[in-house]
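I have placed the structure first, in the form of structure tokens, so that the comments after it can refer back to it.
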Amino acid sequence: MKKQIILAGIISLFSYNQIIAQTLPYLDETLPVEKRIDDAISRMTLEEKIAVIHAQSKFSSPGIKRLGFRDFWTDDGPHGVRPDVLWDEWEQAGQTNDSCVAFPALTCLAATWNTDLAYIYGENLAEEALYRGKNMMLGPGVNIQRTPLNGRSFEYMGEDPYLASQMVVPYIKALQEKGVAACVKHYALNNDEEYRHQVNVIVSDRALHEIYLPAFKAAVQQGGAWAIMGAYNLYKNQHNCHNDIMLNQILKRDWQFDGVVVSDWGGCHNTEEAIVNGLDMEFGSWTDGLTMGKTNAYDSYFLAEPYKQLIKQGRFTTKELDDKVRRVLRLFYRTTMNDKHEVGFLCSEKHYDAALKIATEGIVLLKNEGDILPIRNAKRILVVGENAIKMMTVGGGSSSLKVQKEILPLDGIRTRFSNAQVDYARGYVGDTVQSYNGVTVGRSLVENRTPKQLRTEAVQLANNADYVIVIGGLNKSDYQDCEGHDRKQYELPYEQNELIEALIKVNKNIVYVNISGNPVAMPWAKRVPAIVQGWFIGSEAGEALAAVLSGDVNPSGKLPFTWYNNLNECGAHATGSYPGTWRDDNKIIDEEYKEDIFVGYRYTDKNGIKPLFSFGYGLSYTTFNYGKATAPKHWNKGSNITIEIPITNTGKTAGAETVQLYIQEQNPRVARPIKELKAFQKILLQPGETQLVRFTLTEDVLQYYDETAHAWTANDGKFRIMIGASAADIKSTISVDYN
């Protein structure tokens, strides 16, 4: 009897599934997704179609409840899952289970030059997002650092299109393999924050395709990104959230992008342009008083009731609408309708371990004169600087987080050097606010002493210290490393230079740790023996910095951007093109990229400038010897070539080295950079160990974008292959003939 009941149940379930397959094909998982989408669209009303292409709250859009499609939830935070906010407001929802692990900012990830870590980053972030019920993370960001004043550079992956491309792809793949959509941003040319809604970028087709688009192209064609976020700025006088060239022609036609174009929050400005110029989902528009709490304000979005009325009036058919809905449903089937992904988990040790690993590999040792680092056998250490006690996971704009924990630098140093006396002096006062959108955390930073009094205290304590560790730099306040504004100066703020100059006079063992997502001016660099770039490195910041300073971890990070002595060494500033020129109506600012393709090290190379620290630069506690590179003398069209070079660890400590390969066309027909990064490998070597590093190059590394032909091309002729430890430290060069 029991067997009969079980059999009857199986037959009943089979019959139910058969009915589903026959009557509700859009729910039949055995059918191809596109057929399921066709069926779902045929069942949707006009109202349902309009509903799914715009938001219903700050961070969600509606599903199709009548058909069983769930609501779709997005969240900020390329560096962690942002805490939940109220339905219609930016303030916190007051939940107690929305803390997260803060992973290092993407500049730090790029500084690892480790694609395996980019995959680990995406994987761990996805697990936290799944636990929180998020279907799409608004990131990663891959805009190029054109100027070190860009307030949002810390969210991006540096100045080089190849490095950014290589680092973003595994991040996307790992995130989406877990069932969480990546929304790659901000497409495109969002290279400064000041007046970001009004800036109209004027750039050559060549610079656009060679510098500013490659990372987005890689995200789409190699990473398979399910969503792209449009940028606030304009290109050819059209906002990039509904830009015909950017979205219809390049993204959807040329790159065959099959995902969803999402507006940045408030990035949509016009219904008719949004209809025809490629926008698929609208979020965050301030239409009709939304910020004032208007009832059903979301229905007033540009792609909401106004769009529906244009269709009802016969001014538009549902052709464009059905394409948008198709893309949105495709996103649903990849996320909310995919029950095969994991549940996820939050704040696990695995996630903290990943954050720590990324942080320690991304920290860059910029100077170590006299091998002052690592710190050993110190009896008395003085830590100076506000950034030693200031939480950096809070603030900075949309990437602000509510963390379960953040180990501050001072605490990490005190824990690691517990056998020494570790004193602390404030040194300077920057920003005493430690809250953002309702998240208030950290020790009090209120300080009533004058800058002179603070410097005097630091100098007195420095007199008796074995080491003075100055932890300074920028923070995530407005006009520093923060969304919405650019920095107003290249120099360090808050009289930090005066502090460092005073300390240099009384102690020779100064270690300066710079916390920032951008380079800063260092007029005292030649007189400070050790300099470390510490980034914004998240929950494990203090432990990571202490591990590198103590030598528990051998630093291996390399700069993802050029560190200029001053702004005149940066093309955007030297050409006078940043921040642009206001038009007569004071509504739009035109910013012409006069430096063209010569961004970062391409510009310093061209002009014979020796920057403070070059792109790709970073020291180690060990040394590496580069042997002689070998390669074929001839490179035939349609074939690949292999370059080999032996690398030896000649020191006494195990360490990792990033071997970088650059290409130069020797007699170009058009202006080309002296060198362009085209490959890299990060290798770990034990003391005395030699490893043969092998690069296999395809001929596309020789190409440039031909503006006349609107295509990539390579000319016959001689090319120089350069292998080195940075853009300014080439160890071996080979010439090859390409024909």
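Residues Glu159 and Thr562 bring a donor and an acceptor atom of their side chains to less than 3.5 Å of each other. Side-chain atoms of Arg82 and Thr74 form no donor-acceptor pair, as typed in the model, at a separation below 3.5 Å. There is no side-chain donor-acceptor pair under 3.5 Å between Tyr156 and Asn150. Side chains of Thr393 and Glu406: a donor on one and an acceptor on the other come within 3.5 Å. For Tyr428 and Asn497, the side-chain atoms include no donor-acceptor pair closer than 3.5 Å. Between Asp486 and Tyr578, the side chains place a donor N or O and an acceptor N or O closer than 3.5 Å (distance only, hydrogens not considered). Side-chain N/O atoms of Tyr352 and Gln404 include a donor and acceptor closer than 3.5 Å. In this model, a donor atom of one side chain and an acceptor atom of the other lie less than 3.5 Å apart for Glu194 and His485. In this structure, a donor-acceptor pair under 3.5 Å is present between the side chains of Asn124 and Lys350. Side-chain contact annotation: Gln533 with Ser516, donor-acceptor N/O pair under 3.5 Å present. Between the side chains of Asn514 and Tyr512, at least one donor N or O lies within less than 3.5 Å of an accepting N or O. Using modelled atom types and a 3.5 Å distance limit, the side chains of Asp481 and Asn518 yield a donor-acceptor pair.
Aromatic ring centroids of Phe103 and Trp535 lie 6.0 Å or more apart. Aromatic ring centroids of Trp563 and Phe615 lie 6.0 Å or more apart.
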Original post:
So Asp84 and Lys134, salt bridge (charged side-chain N to carboxylate O under 4.0 Å, His left out) or not? Walk me through it.
Top reply: CA-CA 10 Å; Asp84 289 326; Lys134 309 304 180 185; 2.5 Å; yes
Original post:
Please walk me through it: do Gln198 and Tyr232 pass side-chain contact (heavy atoms from CB on, under 4.5 Å)?
Top reply: CA-CA 8 Å; Gln198 290 86 35; Tyr232 284 132; over 6 Å; no
Original post:
Would Val459 and Leu461 count as a side-chain contact (heavy atoms from CB on, under 4.5 Å) if you check the C-alpha gap in whole Å, the side-chain angles of each, and the deciding distance to 0.1 Å?
Top reply: CA-CA 5 Å; Val459 167; Leu461 290 171; over 6 Å; no
Original post:
Is there a side-chain contact (heavy atoms from CB on, under 4.5 Å) between Val511 and Asn509 once you walk through the steps?
Top reply: CA-CA 7 Å; Val511 178; Asn509 290 334; over 6 Å; no
Subject >> Arg527 vs Glu501, salt bridge (charged side-chain N to carboxylate O under 4.0 Å, His left out): CA-CA, chis, key distance, verdict >> reply: CA-CA 9 Å; Arg527 290 173 288 124; Glu501 292 284 0; 2.7 Å; yes
Original post:
What do the steps show when you test Leu365 against Ile363 for side-chain contact (heavy atoms from CB on, under 4.5 Å), and what is the final call?
Top reply: CA-CA 7 Å; Leu365 179 60; Ile363 292 170; over 6 Å; no
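Screening Trp73, Trp265, Phe283 for a ring-ring contact (aromatic ring centres under 6.0 Å, His included) involving Phe59 leaves a single residue, Trp265.
Every salt bridge (Lys or Arg N to Asp or Glu O under 4.0 Å) that Arg455 has, sequence neighbours left out, goes to Glu495. Looking at residues two or more places apart in sequence or on another chain, you find a salt bridge (Lys or Arg N to Asp or Glu O under 4.0 Å) between Glu540 and Lys405.
By the 6.0 Å contact criterion, CG on Asn97 is enclosed, its count of non-hydrogen atoms from other residues, nucleotides or ligands being greater than 12. Atom NZ of Lys357 has 12 or fewer heavy atoms from other residues, nucleotides or ligands within 6.0 Å. Applying the 6.0 Å contact sphere to NZ of Lys452 captures no more than 12 heavy atoms from other residues, nucleotides or ligands. Within 6.0 Å of atom OH in Tyr131, 12 or fewer heavy atoms from other residues, nucleotides or ligands are found, so the atom counts as exposed in its surroundings.
The pair Asp192-Arg487 fails the salt-bridge criterion, with no side-chain N (NZ, NE, NH1 or NH2) lying under 4.0 Å from an Asp/Glu carboxylate O. Using a 4.0 Å cut-off between charged nitrogen and carboxylate oxygen, Glu591 and Arg146 count as a salt-bridge pair. Ionic pairing of Arg132 and Glu127 is not present here: no N-O contact between side-chain nitrogen and carboxylate oxygen is shorter than 4.0 angstrom. Checked for salt-bridge contact, Asp264 and Lys185 miss the test: no charged N lies under 4.0 Å from a carboxylate O. Here Glu457 pairs with Arg449 in a salt bridge; the nearest charged N to carboxylate O distance falls below 4.0 Å. A salt bridge links Asp552 with Arg416: at least one charged nitrogen is closer than 4.0 Å to a carboxylate oxygen.
With contacts defined as side-chain heavy-atom distances shorter than 4.5 Å, the pair Ile375/Ser550 does not qualify. The closest side-chain heavy-atom distance from Gln496 to Glu498 is not below 4.5 Å.
Within the 3.5 Å criterion, the main-chain N or O of Asn419 finds no donor-acceptor partner in the side chain of Lys379.
The two residues Phe536 and Leu474 make their nearest non-hydrogen contact at CE2-O, 4.2 Å. Annotation for Pro560 and Thr107: closest pair CG-O, 3.8 Å, computed over non-hydrogen atoms. Closest non-hydrogen pair, Thr360 versus Ala547, comes out as CG2-CB, 4.4 Å. Nearest heavy atoms, Leu373 versus Asn368: N-OD1, 2.8 Å.
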